[in-house]
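For ligands, and for the atoms within them, numbers begin at 1 and follow the listed sequence.
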Amino acid sequence: MQNSIHMPLQQKLKELQHAKQALLATNFYNFETLDGILKAAFSEGKSVILQLTKGSIEYLGLPVAMKLARAMLKLYGVEGWVHLDHGDSYELVAACLDEGFDSVMIDASEKSFSENVRITRRVVTLAKQYGANVEAELGYIAKLGQKNSELGYTEPTEAKLFVEETGVDALAVAIGSAHGFYKAEPKLDIGRLAEINRETEAVLVLHGASGIPGDLLRQAIQNGICKINLATEIKDTFMQTLRDSLQSNMEIDLRRVFPFATNAVAKLVQNKIRDIELKKS
Ligand code: 13P
């Protein structure tokens, strides 16, 4: 079932890239984090991408995750797309497309260039039949527990070739960001990003936005990034708030405790949405 209410994500992202704007792509894990994200998108009057990883799909169950996301988007009247984040197999991508996802990421970035091309091209062929957006990753964006290295940054000429050979809509680029918390001040290679943007037709995605200051995110958006992925700060905010509330409170009615965490997520996402808006001087 494809959602017919809004424009395809690939078209929306292209429009945003031309306008030098971006969508926040937020990972959700349960009803409460989803509710917090949508409260923020609604109050800011913004569209949002709702992302699910394999882990979250396994936790919620694929049909529940999808139906929950669609029902909540409808309830809030927010324009939004459901996206598979870091899909690691053709089978998972196919299951998500069958369930009606608007967009899928196939992440074969740890494979060789030619393997990454082969796997991504196969996913693009499949996703076209559903009219879905496809994101892939080229280069090395450190995952949780991995070390970041400039050696793994995306090469602009390779990016051009990769996009031409795969026909992928969106490309996640390695320019200095990493998943999880940063141990040192995050830096982005904006010059490299600008060159990748000149070389490729695909829209560009920034992973690992947790902990990146707003001015750096805005610089990235000015140079081709139009999808900003946020996960760790959502999880962290939810759990920290829950921990704090439980320490001062022996309440056993979870319905009186979870809203603190939901509201904290809403506040965080609201601030991020404001952060990625170009500041008018
Ligand atoms: P963070 O967890 O660092 O926010 O990164 C999110 C992400 O890139 C999901 O794909």
Fill in: Gln51-ligand 1 polar pair, N/O distance under 3.5 Å
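No, there is no polar N/O contact under 3.5 Å.
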
I need the atoms of ligand 1 closer than 4.0 Å to a non-hydrogen atom of [X], numbered in the order shown.
| X | answer |
| --- | --- |
| Leu230 | 4 (O) |
| Asp85 | 9 (C), 10 (O) |
| His86 | 10 (O) |
| Thr232 | 1 (P), 2 (O), 3 (O), 4 (O) |
| Ala178 | 3 (O) |

Give the residue, atom name and distance (to 0.1 Å) of the protein heavy atom nearest [atom].
| atom | answer |
| --- | --- |
| atom 4 (O) of ligand 1 | Ser210 OG, 2.5 Å |
| atom 8 (O) of ligand 1 | Gly208 N, 2.8 Å |
| atom 3 (O) of ligand 1 | Gly180 N, 3.0 Å |

Discussion item. Would you say Leu193 ends up clustered with Ile141 if hydrophobic residues are merged whenever their side chains have heavy atoms under 4.5 Å apart, either directly or through other cluster members?
Written reply: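 Not linked; separate clusters.
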
Fill in: Pair Lys12 + Glu15: basic N to acidic O under 4.0 Å
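Judged by the 4.0 Å cut-off on N to carboxylate O distance, Lys12 and Glu15 do not form a salt bridge.
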
Discussion item. Looking at Lys128 and Asp169, is there a salt bridge between them, counting it only when a charged N and a carboxylate O are closer than 4.0 Å?
Written reply: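 Salt bridge absent between Asp169 and Lys128.
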
Item to complete: With side chain to side chain contact (heavy atoms under 4.5 Å, CB included) as the test, would you mind laying out the steps for Asn27 and Gln51 before giving the verdict?
Response: CA-CA 4 Å; Asn27 287 51; Gln51 306 201 130; 2.7 Å; yes

Using atom types as modelled, flag every donor-acceptor pair under 3.5 Å from a side chain in residues 176-192 to any protein atom, sequence neighbours excluded.
residue, atom, partner, partner atom, Å
Ser177, OG, His207, O, 2.7
His179, ND1, Ala142, O, 2.9
His179, NE2, His86, NE2, 3.1
His179, NE2, His207, ND1, 3.2
Tyr182, OH, Ala178, N, 2.8
Tyr182, OH, Ala178, O, 3.1
Tyr182, OH, Gly208, O, 2.6
Asp189, OD1, Arg192, N, 3.1
Asp189, OD2, Arg192, NE, 3.1
Arg192, NH1, Thr154, O, 3.0

Worksheet item: Can you check whether Gly211's main-chain N or O pairs, donor with acceptor, with Glu233's side chain at less than 3.5 Å?
Response: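 Such a contact is found between Glu233 side chain and Gly211 backbone.
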
Discussion item. Please check: side-chain N/O of Asp107 versus main-chain N/O of Glu137, any donor-acceptor pairing under 3.5 Å?
Written reply: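 Side chain of Asp107 to backbone of Glu137, a donor-acceptor pair under 3.5 Å: no, none is there.
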
Worksheet entry | Close approach of Glu233 to ligand 1, heavy atoms, under 4.0 angstrom |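 The answer is no: ligand 1 sits nowhere under 4.0 Å from a heavy atom of Glu233.
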
